[in-house]
Structures are given as structure tokens and as C-alpha cells.
Enquirer: 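The structure is given below, and queries will be raised subsequently.
We count ligands from 1, going down the list as the structure has it; atoms in each ligand are counted the same way.
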Amino acid sequence: MKLATQAVHVGQHPDPSTGATIPPVYFTSTYTQEAPGKHKGYDYSRSINPTRENLEACIAALESGAAGASFASGLAASNGVIASLCRPGDSLVAFGDMYGGTYRLLERCFVPWGLKTRYTENSAPSAIADLVDATTRIVWIETPTNPMLRLIDIAGVAQELKKRGSKALLVVDNTFATPALQRPIELGADIVVHSTTKYLGGHSDVIGGAVVTRDAATMEPIRFYQNAAGGVSGPLDCYLTQRGIKTLPVRLKAHCENAMRVAAWAMEQSKFERVIYPGLKDHADHELAMRQMAGFGGIVSCVVKGGLDGASRFMSSTKLFACAESLGGVESLVNHPAIMTHASIPREIREARGVVDGLVRLSVGIEDADDLIADLEQALKAV
Ligand SMILES: *Cc1c(COP(=O)(O)O)cnc(C)c1O
């Protein structure tokens, strides 16, 4: 099946006992056993729950993986991967421009635990692979990155690791692109992680995360950890996420079209110092975006003239674009990375990556593009 069909059907078989077309949501913490240890494969909902299983199967199919695991949040999913595959004394290699919460997890939780991360700002696959040594268990990349929208050549990094005989696993945070635009496992990645809070859920009404692995063996320690540490997603959250996924391909198409319109308009505004969108010809990774992605995504980052003052005047003046953290919902949002999502990254590091005080990140929704542009236009007048 192709992606749009998988999104609607995988994990959504009619309920055998009633014929209900949409499977019921299994609100149960436990399962009644016939005799001690004699049950239908379900014993306790931290370990296994049918609603969660359905979602896990669906996300695994969308990402062309062998197995999926659903977690309570994107960070719980990332934590699950790192904590289950690494041991104190190991190391991780990461591309520097990453989600602030992942950086905080690595620096504030895993460094004291004994796991160090080496970062590079150079997106060349060889530069990333050069940092790998015998202690490296994971190479962690996000593409497109948040919020600078830089791209990394996933197939290139996978090849460089192979060429060096490295045993490190390549993990791709695919939250920004989603499997509708990019499937990292098909490009050579070993593991994909998601904040399903964003485009997969797609309606800004649920927090969740997911892990998909290329092969079943890689999932074993992650599955063990999911149950042992218990950061699982509840049945209602799984249901909402699965419901959102059904429209992922159509939503992404609308997000991409609107974002392209907004980016093209933004390029012509003198009050923006810089406009970053992978679909623009002047984007440094435009060629790679054309090769690696089936669309350029719904996020547009802009630097407003006048620094923090300019950015906050702009952000306080939008009416359709809500000033809020997060992204990927049907409604448009505007975020100030330096103060909001990326505040946990020290200023010098943040600014070196381009996350300056004038930077605003637009999550372009699926409203009418004319209305969105009119809203941005009137807000820019306040700058
Ligand atoms: C939001 C986000 C996360 C964290 O996900 P939560 O669901 O908020 O825990 C991780 N990676 C990226 C790229 C994100 O945008």
C-alpha cells in the first residue's frame, strides 16, 4: 500500500465482536485472565494496549520500518532511544542545530549520567561521520532542523558511517518532514523518532512521541525500556494521534503550498532581513531538499529587522497566527525561538547557529493562504 492508504487503514481493522468500523478505544489498565498467566496476550496496559498497538503499527508502516513504539511525548521517545541503546562511557554525535529540548536532555540529563555528545555545525556527511569514534553508539540528526531549516543528507551520512565500518546507529528526528515528505529508513537510517505532537497528530490537541526501527532486533531494547521505564502514551492520546494521521498526506500538501506562498511573499518584504525556507532557490540546501524530500514542509523562518523589539512587535500584532510554542497543527502559529522553544540553549551557542533575537518561526497552517498573508502583512506594519 502507498502512504495515503496506509495512513487511513493500517491499525484500523473493524472490531471483530461488533463490526464497528473504527476500532474501539481500549480504556483499560488491566485484562481479566482465565487463570493465572492464561490470557489473550494482554496483561497490563503499561506493557501492551490494543489502541497503542494499532498506532504503533501505523507509524511503523508509514516510516517503512519493522516496528514502532509509542511514547508519552517526543522527548520521552528520544529518551527511550538514548537510554536503552547507550551506557555510561558511550558517546553520541549530533548535528548542532537541533530542538532545544533534545539538547537539554542530552546536556542536563545524559551528561551527568555519563553520556557525552559531540556536536558539529558542519552539515557535510563526512564532517558528521568524522566525529564518530569507537565509543559512539548513536549519530543523531534532525532534518530539516529546527528552527534554522538546514538539511542533512541522510543517505550521505548513512554511507559515510558504513564506509568507516562504524557500528553507530543513525537516528533521524523526522518530526519536521514527516513520512509524507521524507522516509529516513528508506535512505539508510536505523531509527526514526517523532514528536507526534506536531504534524502526525496535526491538530494541536495531544502530546505524543514515537520510535520506529529499521529491524525488529533494534526495537527489542527500546520496547523493553518502554515498559520498564513506563513513559507510554495513553489510549485517548493514541486514538487522537491515529485520527490525525489519517489526513497527514492531505494536510501536508496544504501546509507545503501555503508555506511556499508565505515564503515567496516574505522574500519581497523589506522589513524581513532574511527568509529561510527550503523551497526557495536561494536556500543553501535547496538542491538536497529537492532530492531528499517530496515537498518543502510547512515551516518558514524569518529574521525581522529591529531585533527583539521588531520580532515582538510583529508577533504581538498577528491575529490569525497565534503566538505559541509548537508547530504542525492545522492552525497557523508564530514562535520566537530565542525566548520560547530554544531558550534552554546558551545565548552564544544559539546565536552562532543563527537563532538571533529577530528570528521568528512561522508554522504555516492550512487556512486560506490569502488570509494568512494579509495577517502577516498587517502585523509587519507594526514593526
Ligand atoms: C517538539 C519537538 C520535539 C519534542 O517533542 P515533545 O512532544 O514536545 O516532547 C522533538 N523534536 C522536534 C524536532 C520537535 O519539534
Enquirer: Between R347 and D357, does any NZ, NE, NH1 or NH2 come within less than 4.0 Å of an OD or OE carboxylate oxygen?
Expert: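 So D357 pairs with R347 through a salt bridge.
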Enquirer: Is it the case that atom CZ in F110 sees more than 12 heavy atoms from other parts of the structure closer than 6.0 Å?
Expert: yes
Enquirer: Within 45 degrees of the ring normal and closer than 6.0 Å to the centroid, is that where the cationic atom of R353 sits relative to Y103?
Expert: yes
Enquirer: Does the pair D90/K116 count as a salt bridge with the N-to-O cut at 4.0 Å?
Expert: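 Here D90 does not pair with K116 in a salt bridge, since their nearest N and O are not under 4.0 Å apart.
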Enquirer: Any Lys/Arg nitrogen of R223 or E220 sitting under 4.0 Å from an Asp/Glu carboxylate oxygen of the other?
Expert: no
Enquirer: Note every protein N or O atom lying under 3.5 Å from an N or O atom of ligand 1, pairing the names and giving the distance.
Expert:
from     : atom 1 : to   : atom 2 : distance (Å)
ligand 1 : 5 (O)  : S195 : OG     : 2.9
ligand 1 : 7 (O)  : G74  : N      : 2.9
ligand 1 : 7 (O)  : S195 : OG     : 2.9
ligand 1 : 7 (O)  : T197 : OG1    : 2.7
ligand 1 : 9 (O)  : G74  : N      : 3.0
ligand 1 : 9 (O)  : L75  : N      : 2.9
ligand 1 : 11 (N) : D173 : OD2    : 2.7
ligand 1 : 15 (O) : K198 : NZ     : 2.8

Enquirer: For F224, I'd like to know if atom CZ has over 12 heavy atoms of other residues, nucleotides or ligands within 6.0 Å.
Expert: no
